Amino acid sequence: MADTVDGKKEEADYKRLHNFPLIRHTDMPEEMRVETMELCVTACEKFATNNESAAKMIKESMDKKFGSSWHVVIGEGFGFEITHEVKNLLYMFFGGSLAVCVWKCS
Amino acid sequence: MSVSYKVGTVKSKQSPNVNTQPKAPVVKGVKTTGKKKDEEEGIDTADGEEWMQGKTLVKPPDQLDLTEEELKEEITRVLTANNPNAPQNVVRYSFKEGCYKTIVFVDQMAIHFELEGNLVHKESDEGRRLMAKHTEREDCGGDERLENVPIKPGKREQKVTNQFNFIDRASQTLNNLPREISCQTEPPPRANFSATANQWEIYDFYVEELQRREKSKEKQESQFPNKEEDRSKKKMIQAEAQSDDISQLAKPAKIIERMVNQNIFDEVAQDFMYFEDAADEFRGEKGTLLPLWKFQYDKAKGLSVTALCWNHIYSDLFAVGLGSYEFTQQERGMLLFYTLKNPSFPEFIFNTDSGVMCVDIHEQLSYLVAVGLYDGCVSVYDLRKKSDQPMYNSIASSGKHTGAVWQVKWQKDDLDSNHNFFSVSTDGRVVSWTLVKHEIVFTDIIKLPPVDKVPDDLKNVVATAGTSLDFHKQKDHHFLVGTEAGKIHKGSKYYSSKFLEMYDAHFMTVSCVRWNPFHPNVFISCGWDWMVKIWDHTINSPVFTFELKSSVTDVAWSPYSSTVFAAVTADGKVHVFDLSINKYEALCQQKVVSKKTRLLHIEFNPVHPIIIVGDDRGRVISLKLSPNLRKKPKEKKGQELPKGPEVEIAKMEQLLSSLR
């Protein structure tokens, strides 16, 4: 009983604790990375229920700022293999359960 | 227009004509006059034929057979102005109505003949213009002398240039051909990346990150004082990296400097490598010296070259010691290293407090340089170090010479594998110096015996100055010392009390003694008494004697032949001798410097056929020996010539035996 209670607490805990955006892999230059990360966080918070709109927002802003053509995937469970232009990839976690992958490939 | 058909038909009936065809009834618009002519022709020809054939009525086979009534019938023909060739029932598809529609009005005009005329209507624009021009020309032609002013304003609309005085010419320059050039830049590099985004992966990663952060927090608290150190270290590293950038230029800069020098002195370099004086064949025995590079250093201008030494391992590097021979003018000294690859600037520069008198480079370890100074010190420099200071210096140690050091010579490493060298100086002592760790230790070898002229009670005080020192090439323990008094002493390292032999060599100072590099018994000496003498050390008198017309400052054996040697004199001449060719005369006596400059030292390059001579203006001149001066003995046909030092020894032996 105690275990399950603890387990539940942990669950709630980690969601709270792991809420910060965490970069899993990137090869972007510093400035670009910071900007992109902030953009992703904003988009995900704005469209918390709709991944598609969040992705759309991210993709369109990236296209405007850094040139076409960007690709964005947001989700909680997916595997991928992509080809990206060097120094234009960002793969990060957010909100404890969301994974965002942003890359450029024309 | 109606034409009576009857006429036509009657005529054709009456005058049968083979030539004219009966006209088809559908003919329209035919002129009657044309027909009448035909009729007349028909009659003529018919007449012609009539009398021949008789009056028979020939009916053309396809003529219509008509009854009398039908013949008399009047048929009206209507001539219209329609074009018979124009299409009558043109149909066009109308998209509006979606069906074919006949076009009623069809163009009926048929153009038979067209000619463009050049008549212009009077009232039209062009006509008016032409009229104006026409009248203008008439007026101008007529009223030349009269006032042109009233005419001009009227005609100002158009200034037409006189066709006879002004001609328009135009031409088209060559147009360059257009060319297509296209280019494709390299596409930005791409890379593959793959990962899985699962809930557990995300969770794991977050947990890891939190742990990492905790650890770093702990470390930070403990390492807070160390942070500043790290910062300063970083700064240092950055500064070093910057200075490395500049010092990394040193090597390429050096290479470029040498390249530039080579380009400037390209002819000299070519001469050095390839030039062989062809005129030597015609000169008999004589040879010449071809001047190559001159080595000069600005700051060394006031000093004299006091020592020259070639490096044995790097055969293009040589050391120049600079100082002064004048007793009254003692200032500083310099040790310069030049390379033949860069004649403009020395490779290494060392400044010394007192004049350098002698230099020797170690045979095997060519970075060790021993230097003897005017104030009696000896120092050893290490060329690998970048500093200006010598590695060892005998200033502080006891046993330092009390007079100028005239000669230093490296020896083989002693039993403890320490480097050591010998020196001789004005105080008459021959001293051996050993490099032990950071010090230099002296050992007195022998003291030169006093000169006879010195009174007995002063013999201990007045020393015999030793001016030259040379060690035997094979028997290392034998050495020769030349003195200021003109005597040469042969000594041995094993006997410290006495000299083995003494030779009465010259009347004045012995400036140089050297053993022959090949023959074990022969040595050469030169002195300020104008003499160069060659000795066999077993005999007390010289084997050869040469008188050069001025005091001889230095002499050197050549490394390639046992019978060739060169001497320099104070009048600026270089004398080269080859005893196997000419025993009495020099093969070459050449003045290589301008007047009033004394030549002080000479050295042969161990590898290349060049010599360097130093003068009293701080200059070193390199000269190439012409082929005559480097002759090898002639090969006899069929006999292989043995090479090697034995040959040289044999050559010398031959000479000596001829004199005994």
Side-chain angles (χ1 to χ4, degrees), chain A residues 7-8 10-29 32 37 40 44 51 54-55 66-106, chain B residues 179-246 248-249:
Chain A
K8 279 189 184 167
E10 275 184 32
E11 260 188 51
D13 251 356
Y14 92 75
K15 283 228 161 130
R16 182 174 43 89
L17 287 171
H18 305 173
N19 226 358
F20 57 94
L22 178 60
I23 292 181
R24 171 74 170 79
H25 175 89
T26 180
D27 61 355
M28 281 184 178
M32 195 192 218
M37 202 166 87
C40 290
C44 288
N51 284 347
F66 302 111
S68 60
S69 52
W70 287 85
H71 311 268
V72 181
V73 178
I74 303 184
E76 289 176 12
F78 56 93
F80 58 93
E81 161 105 30
I82 53 162
T83 306
H84 66 95
E85 271 176 40
V86 172
K87 297 226 175 119
N88 286 290
L89 167 74
L90 176 74
Y91 176 40
M92 59 178 276
F93 300 140
F94 175 69
S97 63
L98 210 58
V100 182
C101 185
V102 185
W103 76 95
K104 180 179 188 192
C105 186
S106 57
Chain B
R179 198 189 267 187
E180 267 181 40
I181 289 182
S182 56
C183 175
Q184 162 87 26
T185 54
E186 261 185 54
R190 296 186 177 182
N192 284 349
F193 177 69
S194 58
T196 319
N198 280 330
Q199 289 302 301
W200 59 82
E201 274 228 13
I202 298 176
Y203 179 77
D204 284 344
F205 200 62
Y206 268 110
V207 165
E208 256 182 59
E209 175 70 21
L210 282 175
Q211 281 175 355
R212 232 182 289 146
R213 287 196 184 174
E214 275 179 32
K215 275 187 194 167
S216 64
K217 269 189 197 163
E218 284 173 19
K219 276 190 186 170
Q220 265 187 10
E221 284 161 23
S222 62
Q223 272 186 1
F224 203 85
N226 291 350
K227 254 197 182 177
E228 282 149 340
E229 260 188 48
D230 282 345
R231 262 183 239 152
S232 59
K233 270 188 195 169
K234 277 189 186 172
K235 279 188 191 167
M236 284 248 303
I237 295 165
Q238 275 180 2
E240 270 175 15
Q242 280 173 358
S243 68
D244 269 357
D245 289 339
I246 295 177
Q248 268 167 14
L249 275 181

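Everything quoted here is computed from the prediction, not taken from an experiment. Within every chain, numbering begins at 1; the chains are lettered A, B, ... in the order of the sequence lines, protein sequences first and strands thereafter.
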Exercise. Does anything in residues 205-214 of chain B get under 4.5 Å of chain A by heavy atoms, and if so which residues?
Worked result: B/F205, B/Y206, B/V207, B/E209, B/L210, B/R213

Problem set entry | Part of A/L89 lying under 4.5 Å from any heavy atom of chain B | side chain

For this session: Examine whether an atom of A/I23 lies under 4.5 Å from a heavy atom of chain B, and if so say whether it belongs to the side chain, the backbone or both; otherwise answer neither.
Result: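 The backbone, not the side chain.
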
Problem set entry | Closest non-hydrogen atom pair between A/S106 and B/R190, with its separation | O-NH2, 2.8 Å

Exercise. At their closest point, which heavy atom of A/S97 faces which heavy atom of B/I202, and how far apart are they?
Worked result: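 Looks like O-CD1, 3.4 Å.
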
For this session: Give me the ring orientation class for A/H25 and B/F193: parallel if the planes are under 30° apart, tilted from 30 to 60°, perpendicular past 60°.
Result: parallel

Problem set entry | Reported CG-to-CZ distance for the pair B/N198 and A/F78, which is rounded to 0.5 angstrom | 9.5 Å

Exercise. With respect to chain B, which residue among A/L98, A/N88, A/T83 yields the maximal number of heavy-atom pairs within a distance under 4.5 Å?
Worked result: A/T83

Exercise. Between the side chain of A/E76 and the main-chain N/O of B/Q199, is any donor-acceptor distance below 3.5 Å?
Worked result: no

